[in-house]
Amino acid sequence: MAKDFLHELRWRGLLHEATPGVEELLARGPVKGYIGFDPTADSLHVGNLVQIMLLTHFQRCGHIPIALVGGATGMVGDPSGKKSERQLQDEDSLRHNVACIRAQLARFIDLDGGGAMLVNNHDWFKDIGFLAFIRDVGKHITVNYMMAKDSVKNRLETGISFTEFSYQLVQGYDFVHLHRTLGVRLQMGGSDQWGNITTGTELIRRMDGGEAHAITSPLLTKADGTKFGKSEGGNIWLDARRTSPYRFYQFWLNTSDADAERAVRIFTTWEQAEVEARIAEHAKAPHLRTLQKALAEDITRRLHGEEEVREAVRASEFLFKPWTVDQLRAYPLKFWQTLEECIPGYTTVADPSEVKEGELQGVSLKQIEDSISVQKLLARTGFLASFSEARRAIREGSIAVNGVKVTDEQQLLGGQDLIGGKYLLLQRGKKSYFLVKVGEV
RNA sequence: GGGGAGAUACCCAAGCGGCCAACGGGGGCAGACUGUAAAUCUGCUGCUUCACAGCUUCGUAGGUUCGAAUCCUGCUCUCCCCA
């Protein structure tokens with residue numbers, strides 16, 4: 001017995017708006033529904049995760065998810081939520097972005113079975129000429145209708161190009177095309193997409209006399225009102241090269257209590273009873289952070305896989321447990337190699353002559369062995385931006401080397417500080433770690 | 001086309017000849033308290049191995065001055081009003 005998708009969305013807090021009649025449509029049997037993703041970068045980020053979860057839950061309720069990557073719409077630019085005209089992308093970078101996003105989506109949604117698939121709207125737009133488009137599609141929608149959309153209205157004062165104005169037609173036609181060729185009856189998206197989606201349903205009605213539906217999810221913000229998905233040091237990406245699995249795990253682990261409760265509803269696939277049980281358990285002993293841990297593990301596992309989660313958890317447990325230098329030295333070398341992948345780092349250059357005095361970048365093994373000030377090391381390895389910043393950080397008492405707080409700006413380090421002759425663990429504050437590694441000599 | 005206002009650090013915004021590396025707020029970072037949470041309080045937030053020092057920075061290019069973010073001129077851009 002398939003679960004009721006709308007009911008699922010409601011208790012998870014994922015339902016914002018829906019067109020009348022969706023309930024009946026979904027009750028009649030498996031429905032094909034799609035969500036579009038913007039290929040503005042070669043990786044999605046946690047902000048896109050809500051939409052990914054919509055598709056995930058959709059599929060788990062027995063329906064057929066279709067992911068659309070906007071190879072064509074990405075060339076136009078969606079005015080929704082944007083204050084100014086968007087920078088256009090060239091075709092090559094779009095192609096690359098689309099390929100990368102495809103791989104990421106496949107981590108969460110089965111895109112190969114039972115009609116589920118990934119489509120690229122560039123495939124059908126590339127052969128449509130301008131005249132054909134404005135005659136066949138543009139004819140059915142009035143400018144008045146288009147101007148009434150919030151995305152357009154909000155830009156009328158500051159200005160909007162014809163290109164972005166046309167965006168809703170282009171996206172709307174996607175829906176028409178998918179409806180015709182694949183029988184797609186539903187489009188989902190964030191609440192800011194409502195206007196674009198309903199242009200699509202309207203086009204389907206006028207062009208083909210068909211009936212199509214829309215569901216949107218609420219815009220997600222944190223409990224303190226700030227945007228969800230941005231964290232210390234900017235965007236959290238799904239791509240491991242941009243955001244290491246460790247940092248991804250840490251992002252979720254750092255979720256506040258209030259946000260964690262909402263997050264487990266939205267981002268996990270746990271059943272309602274399990275979600276409620278875990279929230280209750282967490283409420284009894286919030287300091288144990290069981291909810292954050294479970295949440296972080298669950299999402300990281302689905303994105304990066306079992307092995308990466310284990311490493312992230314191990315590194316986290318290690319880094320946030322107090323230890324002495326001796327304990328640090330006792331750690332197996334293999335563990336340090338794991339750490340290298342988790343936190344940012346710097347590898348010493350082989351030839352000391354490559355590093356010129358006065359240059360900001362670069363440290364060699366010889367310089368460390370000859371003794372180097374902490375301040376210099378912080379700046380030259382790129383952990384901190386400048387000597388001044390390094391000095392300030394030390395004065396603030398936020399720097400530690402190998403777990404020992406540095407109090408003296410002039411403090412020197414030497415070869416004896418290298419752990420296993422190879423590593424130096426730098427730390428700023430509690431959460432920011434940096435690993436200096438001795439490279440090949 | 002005519003008239004007016006403005007461009008200051010990540011953002012907003014003071015300053016209108018030396019005491020200005022530039023008030024204040026936001027944001028960011030750190031410290032204390034905690035639970036790698038929230039709230040609160042405190043510090044830091046241009047660079048230079050630190051310094052009542054030097055250097056770069058107040059749209060841009062010049063100029064006046066012992067001395068300019070502050071005064072003058074050209075240029076670029078933004079906004080407002082009248083046609």
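Residue numbers start from 1 in every chain, and the chains themselves are labelled A, B, ... in the order their sequence lines are given, proteins ahead of strands. In this text, all values refer to a predicted model and were calculated from it rather than measured experimentally.
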Pairing partner (Watson-Crick or G-U wobble, both distances under 3.5 angstrom) of B:A37 = none
Among B:U34, B:U36, B:A37, which is the nearest nucleotide to the side chain of A:D257?
-> B:A37
Length of the line joining A:H287:NE2 and B:C33:P, which is rounded to integer Å = 18 Å
Could you grab the distance from atom CH2 of A:W252 to atom CG of A:L49, nearest 0.5 Å is fine?
-> 5.5 Å
Distance, C1' atom - from B:A68 to B:C58, rounded to whole angstrom = 11 Å
Aromatic centroids of A:F318 and A:F335 separated by under 6.0 Å = yes
Is the distance from OP1 or OP2 of B:U48 to the nearest side-chain N or O of A:S388 less than 4.0 Å?
-> yes
Ignoring hydrogens and angles, are the base of B:G31 and the side chain of A:E396 linked by a donor-acceptor pair under 3.5 Å?
-> no
Look at A:K284 and B:G35 and indicate whether a side-chain polar atom (N or O) is within less than 4.0 Å of OP1 or OP2.
-> no
Using salt bridge (charged side-chain N to carboxylate O under 4.0 Å, His left out) as the criterion, point out the one residue from A:E308, A:E307, A:E311, A:E306 that pairs with A:R301.
-> A:E306
A:L186, A:I197, A:I35 screened by side chain to side chain contact (heavy atoms under 4.5 Å, CB included) with A:I215, the one that passes | A:L186
Considering Watson-Crick and G-U wobble pairs with both distances under 3.5 Å, what does B:C20 pair with?
-> none
Identified pairing partner of B:G1, criterion: Watson-Crick or G-U wobble below 3.5 Å = B:C82
Expressed as a whole number of Å, how far does the C1' atom of B:U65 sit from that of B:C71?
-> 9 Å
Integer angstrom distance from the P of B:G15 to that of B:G63 | 29 Å
Rounded to the nearest angstrom, tell me the gap between atom NZ in A:K431 and atom P in B:A30.
-> 8 Å
Contact class for A:R428 vs. all strands (heavy atom < 4.0 Å): base, sugar-phosphate, or nothing?
-> sugar-phosphate
Tell me: NZ of A:K430 to P of B:G35, nearest whole Å?
-> 10 Å
Under 4.0 Å between a side-chain N or O of A:S386 and OP1 or OP2 of B:U48?
-> yes
Provide the distance between the two P atoms, one in B:A51 and one in B:U45, to the nearest whole Å.
-> 16 Å
Closest of B:U36, B:A37, B:U48 to the A:N254 side chain is B:U36
Separation of atom CZ in A:F387 from atom P in B:A51, rounded to whole Å = 16 Å
What integer number of Å spans the C1' atoms of B:C12 and B:G28?
-> 15 Å
So what does A:S316 hit on the nucleic acid, given a heavy-atom distance under 4.0 Å: a base, only sugar-phosphate, or nothing?
-> base
Would you indicate what A:E389 reaches in the nucleic acid, counting non-hydrogen atoms under 4.0 angstrom: base, sugar-phosphate, or nothing?
-> nothing
Whole Å only: how far is the CG atom of A:D370 from the C1' atom of B:U49?
-> 17 Å
Begin with the C-alpha distance, continue with both residues' side-chain angles, and end with the deciding distance and a verdict on ring-ring contact (aromatic ring centres under 6.0 Å, His included) for A:H304 and A:F248.
-> CA-CA 10 Å; A:H304 292 301; A:F248 186 80; 5.6 Å; yes
Assess whether one donor atom and one acceptor atom, taken from the side chain of A:K293 and the base of B:U36, lie less than 3.5 Å apart.
-> no
Expressed in whole Å, how much space separates the C1' atoms belonging to B:U64 and B:G17?
-> 12 Å
Taking NZ, NE, NH1 and NH2 as the nitrogens, is one of them in A:D257 or A:R289 under 4.0 Å from a carboxylate oxygen of the other?
-> no
In terms of ring plane angle, is the pair A:Y423 and A:W336 parallel, tilted or perpendicular, where the classes change at 30° and 60°?
-> parallel
Do the side chain of A:Q292 and the base of B:U36 come within less than 3.5 angstrom through a donor-acceptor pair of N or O atoms?
-> no
Rounded to the Å, how far apart are A:I394 CD1 and B:G43 P?
-> 21 Å
A:R380 has an atom CZ; how far is it from atom C1' of B:C47, in whole Å?
-> 16 Å
Quick one: look up who B:A30 pairs with, Watson-Crick or G-U, both distances under 3.5 Å, and put none if it's unpaired.
-> B:U42
If pairing means Watson-Crick or G-U wobble with both distances under 3.5 Å, then the partner of B:G6 is B:C77
Pick base, sugar-phosphate or nothing for A:R392, based on heavy-atom distances below 4.0 Å to the nucleic acid.
-> sugar-phosphate
Geometric class of the A:F383/A:F434 ring pair [parallel <30°, tilted 30-60°, perpendicular >60°] = parallel
Taking the same atom, P, in B:A14 and in B:G24, what whole-Å distance lies between them?
-> 15 Å
State the pairing partner of B:A69; accept Watson-Crick or G-U wobble contacts with both distances under 3.5 Å, and report none otherwise.
-> none
Please state how far atom CG in A:D259 lies from atom P in B:U36, giving the value in whole angstrom units.
-> 18 Å
If you measure from the P atom in B:U70 to the same atom in B:U57, how many Å do you get, rounded?
-> 13 Å
Whichever of A:S373 and A:F320 has the more 5' nearest nucleotide on RNA chain B, that residue is A:F320
